[in-house]
Amino acid sequence: MSRIQSYHDFVKVHGVLLAAAGIPQSLHKLLFQKLSSDTFDGGHFFQIEPFEDGRQRRLLFTSNFMPKHSNLFLVDHAWTFRLPDAYKQLCEVPGLAERMAALMCVDSAAEEAGDVEGDAGEEDSIKPSAVEIVQREIKEGGDDTTRWLELEELDIDDDMLLSLDLPNKFPNLLALSLCSNNLKDVEIVAKEVTRLKNLKALWLNNNPILERSNSETAIIQGCPGLEICNSKFTSNHGEWALGFCGGIYDKENAGFAHQRDHPLESVTSLDLSNRSIHNLINKAFNPDDIPSLSYLNLRGNPLDQNSLSDLLQLLKGFSCLDSLEVDIPGPLGVSAAEIVEALPNLSLLNGVNTSKILESGKSVVDSMLQPRLPEWAAGDPLEDRVINAMWLYLMTYRLADEEKIDETSVWYVMDELGSALRHSDKPNFRVSPFLYMPEGNLASAVSYSIIWPIDDVREGDECTRDYLFGIGEEKQRSARLTAWFHTPRNYFIKEYEKYKNKLQSNKFVSPVQGSSVTISLCHGDGSALRVYTDIPPVEEYLTRPEFVITTEPKDADIIWTSMQIDEETKKAAGLNDEQYINQFPFEACLVMKHHLAETIQKAHGLVEWLQPTYNLETQLTQLIGDFHQREREKLDNLWILKPWNMARTIDTTITSNLSAIIRLMETGPKICQKYIEHPALFKGRKFDLRYIVLVRSMNPLEIFLAEVFWVRLANNTYTLEKHSFDEYETHFTVMNYRGRLNHMNTPDFVKEFEKEHKVNWLDIHSRIRRMIKSAFEAAAVVHPEMHHSKSRAMYGVDVMLDCHFQPKLLEITYCPDCGRAVKYDTEAVVGGGETVKGKDFYNYIFGCLFLNETNHVSQL
């Protein structure tokens, strides 16, 4: 087709895309005109405004008035990529990282960070030692008057702390900071600290000692007067801790020396956010002692020792309190409207005018969340900062034509104008990607985003869009907003704990046991069993005289197919109920990843051999809680996302970025599973194992393990370096479709693995057998409807070993074909007996399933 010239041809080619984009029909002709003339006229109507010291940007409307659905604007895509290529492009495309850094507000902040880092480097060269600082304090203030001491980033270890003898030199110390040192021994630190009888605040942040779970408890128990420990309030918190957060106490005024009767009476603003406060109601926090309090921030505190009514009653007593920040949902209620109604003196709740909240009700909650601004570590290169920040800006689409849908989604960043559109739960603009094909085919396609007003806008209005357009609470809207906003951590952690407790309470009931109920299918007259198959290796290598291949499905005794057979298919092919089919009904409970996890969890609860697994379509809240809990406990937080039902690691991603996990839901239904960070390795490389399980019956359960299994090796040396997670040949093992396929015969692998790791493979194999049996037992218990007397099936079970050689179940697949057995003529390795060659694979598989033989298989 030649280049599109008319509006009629434009609609003919783009009709489906126009409908999918949701662009009002009244704007279609205008869209054609702007696309044809390549008109980018947004600059005449909008202005980008930086704010919050350049950490954010917003888009302001500068024209007089624009009615809804009256205009539209083209937005260019500043960066388009496939996810595995992102980092490489940032490193190799000139100017790309710099432009993205400016667009994502990490450039100016990065320069500031660099300046600070440079200054710090100069200071380090002349920085005094811990001993020198202690001596200076004694000389300047005297040991009796020093009440605040900062000994940070001085490489103080346990022995040095003892030698400093701080309790004798500074007996009246109220606040001590030992942040970013090398303190490891809980007993030594606790012994020294507990000798400081007046200590009110202690900071040990960024010390190895905090990796010990009991460290804080030991210190707090020995210091009954301590009110702040590692930036958290203790249960003894009172007037000093509140004064510190209110700006009354600091290094220049640590308190106690000439303290007046009501030291908090001048406090008007109190930021108590993220202080791990469980009980807010105490003698110090009351309206009589803090009469002027007008602003209070309680975000990030569980407050679980106070009832809702008691908290509201307490806050009502602060007559000057007109601005409050709190988690919603949280300890003060589940909706903003409820809180405002209970505290009528408030004028601002989470920065939003209370009158607007009462008008809008619950729908305003989205705009009350604090934005999740880009974060990075000191010294991170610009490319890394962009990778970390991009999830706040990315959008996605997937290409498709008449033949197939593209396997890998396309991600893109809108240009500076489009990216300045911030979120609102009541937006005045809508954005949609649009693929313009000027020559009528995909080869000529150019991608844009189209924005248009969905409400009247006036001069000075901020232009906003809904990041989750069309997604309501039934699709976990509030949880998904965590990708862009700081949502209440404690709420998600509580939901995770409830979920975990429920799983732990699951009691396993063994499936029905009994003797074999299956019988050999051999015909009484000795004639061969007719097999219909659409799998070439079966047709070629099933050579036993008991079986004969037929080309007519309706004439077959056994249907062995790679297709899913349902009632409609059976009717179309002329199949009958007496034919045996190589699949079980409802086997999705095993072969689809989200159903497999659910099946195992319902039957067994939490088990060591299945990594923590969440169906993101229904369990995002619990996953976020687990992520935050691991973050709080300083545990590794690397996760792998897998589509429900796609093979060959298509659309599979490894990440420790929570925003990325949530945003990746946009490319299709997925599970999120804790990544096995420390797997067992073979010569430094990652590997997994493919086992073959044969199922004769689900009730009673009758399953067999083929003695042949396959080792699948990654090609590259394993590493946890963050840029390696996009390297397919480092973190993935299925090389049939991508990468170099290096086959290794199984007996050779076992022999070399035992030698490398000094282990007995049969011990590992026995653990794998028990795990596989448990998985199929779970299906038999949870889904008894899976049983069918005319079903026999073969499944592939993928297993990985962790660094302690404990098996982990990766997935179970419907496996009618195992071409690798034939291709590599693989030998059996486990269980003894004569050697089994791959070309005999289908002979003994069919012998087990249909003739009740047990040659080269073992019953589980």
* Asked: Any sub-3.5 Å donor-acceptor pair from Glu756's side-chain atoms to Phe753's backbone N or O?
  -> no

* Asked: Would you find a donor on one side and an acceptor on the other, under 3.5 Å apart, between the side chain of Lys670 and the backbone of Gly668?
  -> yes

* To do: Run the numbers on Asp525 and Ser527 for side chain to side chain donor-acceptor pair (under 3.5 Å), then give the verdict.
  => CA-CA 6 Å; Asp525 59 4; Ser527 60; 2.7 Å; yes

* Asked: Is the backbone N or O of Leu809 less than 3.5 Å from a side-chain atom of Gln611, with the two atoms forming a donor-acceptor pair by type?
  -> no

* Carboxylate-amine/guanidinium contact Lys570 Asp577, below 4.0 Å -> yes

* Judged by atom type as modelled, is there a donor-acceptor pair below 3.5 Å linking the side chain of Thr550 to the main-chain atoms of Tyr532? -> no

* **Donor-acceptor side-chain pairing of Tyr795 and Glu587 below 3.5 angstrom** => yes

* To do: Look at atom CD of Glu608 and say whether more than 12 heavy atoms of other residues, nucleotides or ligands are closer to it than 6.0 Å.
  => no

* So His628 and Phe492, would you call those rings parallel, tilted or perpendicular, with 30° and 60° as cut-offs? -> tilted

* Backbone N or O of Gln619 within a donor-acceptor pair of the Asn615 side chain at under 3.5 Å? -> no

* salt bridge (charged side-chain N to carboxylate O under 4.0 Å, His left out): pairs with one or both residues in residues 843-860, sequence neighbours excluded -> Arg544-Glu853

* Asked: Looking at side-chain heavy atoms only, is the closest gap between Leu689 and Phe749 below 4.5 Å?
  -> yes

* Counting only heavy atoms not in Asn501, do more than 12 fall under 6.0 Å of its CG? -> yes

* What do the steps show when you test Phe584 against His787 for ring-ring contact (aromatic ring centres under 6.0 Å, His included), and what is the final call? -> CA-CA 7 Å; Phe584 280 84; His787 177 71; 7.1 Å; no

* Asked: Donor-acceptor pair, Arg767 side chain versus Phe805 backbone, under 3.5 Å?
  -> yes

* Asked: Just wondering, more than 12 heavy atoms not from Gln564 lying within 6.0 Å of its CD?
  -> yes

* Where the side chain of Gln583 meets the backbone of Ile565, is there a donor-acceptor pair that is under 3.5 Å apart? -> yes

* Asked: Checking Glu495 side chain against Gln622 main chain: does a donor-acceptor pair fall under 3.5 Å?
  -> no

* To do: May I ask you to decide whether Glu752 forms a salt bridge with Lys683, counting only side-chain N to carboxylate O separations under 4.0 Å?
  => yes

* Structure fact -> Smallest heavy-atom separation, Arg769 atom then Gln859 atom, equals NH2-O, 3.0 Å

* **Polar contact flag, side-chain donor to acceptor under 3.5 angstrom, Asn637-Trp639** => yes

* Any idea how Phe846 and Tyr842 line up, ring-wise: parallel (<30°), tilted (30 to 60°), or perpendicular (>60°)? -> perpendicular

* Asked: Would Ser766 and Asp763 count as having a side-chain donor-acceptor pair, cut-off 3.5 Å?
  -> no

* To do: Might you point out which heavy atoms bring Cys815 and Met794 nearest each other, and give the distance in Å?
  => O-CE, 2.7 Å

* Asked: Is the Trp644 ring parallel, tilted or perpendicular to the His594 ring (thresholds 30°, 60°)?
  -> parallel

* **Modelled atom types, side-chain donor and acceptor of Asn843 and Thr543, under 3.5 Å** => yes

* Structure fact -> Correct closest heavy-atom pair for Ile703 and Val695 would be CG2-CG2, 3.7 Å

* Asked: Do Thr854 side-chain atoms and Val857 backbone N/O form a donor-acceptor pair below 3.5 Å?
  -> no

* Asked: More than 12 non-hydrogen atoms from neighbouring residues, nucleotides or ligands closer than 6.0 Å to NZ on Lys790, yes or no?
  -> yes

* **Salt bridge Asp626-Lys500, side-chain N to carboxylate O under 4.0 Å** => no

